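Position 1 is the first residue of the sequence; numbering continues from there. Since the model is a prediction, treat every value here as computed from it, not as a measurement.
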Amino acid sequence: PMGGSFAKYSRPGGLVVSTQDEQPASAICPLLWVSAEAGTVKATAVLAEAFSRAKVRDTPLFSVLSDVLLQMSPQAFSAWALSVLLAAIASLRLSAKPLTRSLAEVAMLMPPQSFSSVEVASM
């Protein structure tokens with residue numbers, strides 16, 4: 001089991017990304033990094049939504065997902081991902097105060113027009 005603030009994941013294309021702060025090796029790496037983070041946020045939101053719909057409250061899993069999400073750049077989050085993640089946390093009644101606070105801060109950084117009425121309603 002993973003613990004602490006370190007998490008490592010692999011994208012289907014073979015790109016391995018660590019959430020530790022590391023300097024990119026080249027100029028293209030920041031673009032890959034942002035893309036990988038955005039893909040991870042989206043995949044994590046889909047996973048959280050699936051567990052929420054199935055009413056499966058897997059606290060250890062959500063703890064690891066929370067650790068990963070807390071280390072993501074605010075730019076990696078979309079309005080859709082924010083709404084799905086917040087809805088899953090609420091639906092499963094998870095105690096995720098640091099993550100909820102962080103997601104709220106990310107939402108405040110986004111322009112209001114980023115959110116559709118459906119996304120606002122699901123938060």
Side-chain angles (χ1 to χ4, degrees):
M2 290 192 262
S5 63
F6 175 78
K8 186 175 181 179
Y9 52 93
S10 177
R11 302 274 298 158
L15 176 67
V16 176
V17 179
S18 165
T19 57
Q20 287 185 328
D21 292 331
E22 298 173 353
Q23 279 292 9
S26 72
I28 196 153
C29 284
L31 298 175
L32 292 173
W33 192 272
V34 170
S35 178
E37 282 191 340
T40 298
V41 169
K42 183 177 180 180
T44 304
V46 169
L47 182 61
E49 182 179 39
F51 274 79
S52 174
R53 287 183 180 207
K55 305 285 188 239
V56 175
R57 189 172 188 253
D58 187 333
T59 306
L61 171 68
F62 278 96
S63 176
V64 171
L65 295 178
S66 178
D67 286 346
V68 170
L69 291 170
L70 285 169
Q71 295 178 32
M72 294 293 136
S73 165
Q75 292 80 16
F77 291 84
S78 66
W80 173 85
L82 286 173
S83 67
V84 168
L85 289 166
L86 289 169
I89 291 168
S91 173
L92 294 174
R93 298 175 190 211
L94 296 169
S95 176
K97 289 179 186 172
L99 179 59
T100 304
R101 188 175 306 116
S102 177
L103 294 175
E105 289 172 4
V106 170
M108 296 301 291
L109 294 173
M110 299 177 87
Q113 60 271 23
S114 299
F115 297 93
S116 71
S117 57
V118 172
E119 291 160 345
V120 171
S122 68
M123 284 193 232

#### Entry: F115 and L82: CA distance, side-chain angles, deciding distance, side-chain contact (heavy atoms from CB on, under 4.5 Å) verdict
CA-CA 10 Å; F115 297 93; L82 286 173; 4.1 Å; yes
### Task
Any chance you could lay out the side-chain contact (heavy atoms from CB on, under 4.5 Å) test for K42 and W80, step after step, and finish with the verdict?
CA-CA 9 Å; K42 183 177 180 180; W80 173 85; 3.9 Å; yes
### Side chain T44, main chain T40, donor-acceptor under 3.5 Å
yes
### Backbone of A96 reached by a side-chain donor or acceptor of T100 within 3.5 Å
yes
Between [X] and [Y], which heavy-atom pair has the shortest distance, and what is it?
X   : Y    : value
R57 : R93  : NH2-O, 2.8 Å
A45 : L85  : CA-CD2, 3.7 Å
P74 : V106 : O-CG1, 3.8 Å
A88 : A48  : CB-O, 3.7 Å
A81 : V41  : CB-CG1, 3.7 Å

### Sidechain N-carboxylate O distance under 4.0 Å for E49, R53
yes
### Message
Using the rule given for side-chain contact (heavy atoms from CB on, under 4.5 Å), can you reason through L92 versus F62, listing the C-alpha separation, both sets of side-chain angles and the distance that settles it, and then say yes or no?
### Response
CA-CA 10 Å; L92 294 174; F62 278 96; 3.6 Å; yes
### Task
Quick one: list whatever passes side-chain contact (heavy atoms from CB on, under 4.5 Å) with P111, sequence neighbours left out.
Q113, S114
Nearest 0.5 angstrom please: [X] [atom1] to [Y] [atom2], how far?
X    : Y    : atom1 : atom2 : result
S66  : I89  : OG    : CD1   : 7.0 Å
E105 : M110 : CD    : CE    : 14.5 Å
L86  : S91  : CG    : OG    : 12.5 Å
L70  : L65  : CG    : CG    : 11.0 Å

### Task
Could you check L61 against V56 for side-chain contact (heavy atoms from CB on, under 4.5 Å), going step by step and ending with a plain yes or no?
CA-CA 10 Å; L61 171 68; V56 175; over 6 Å; no
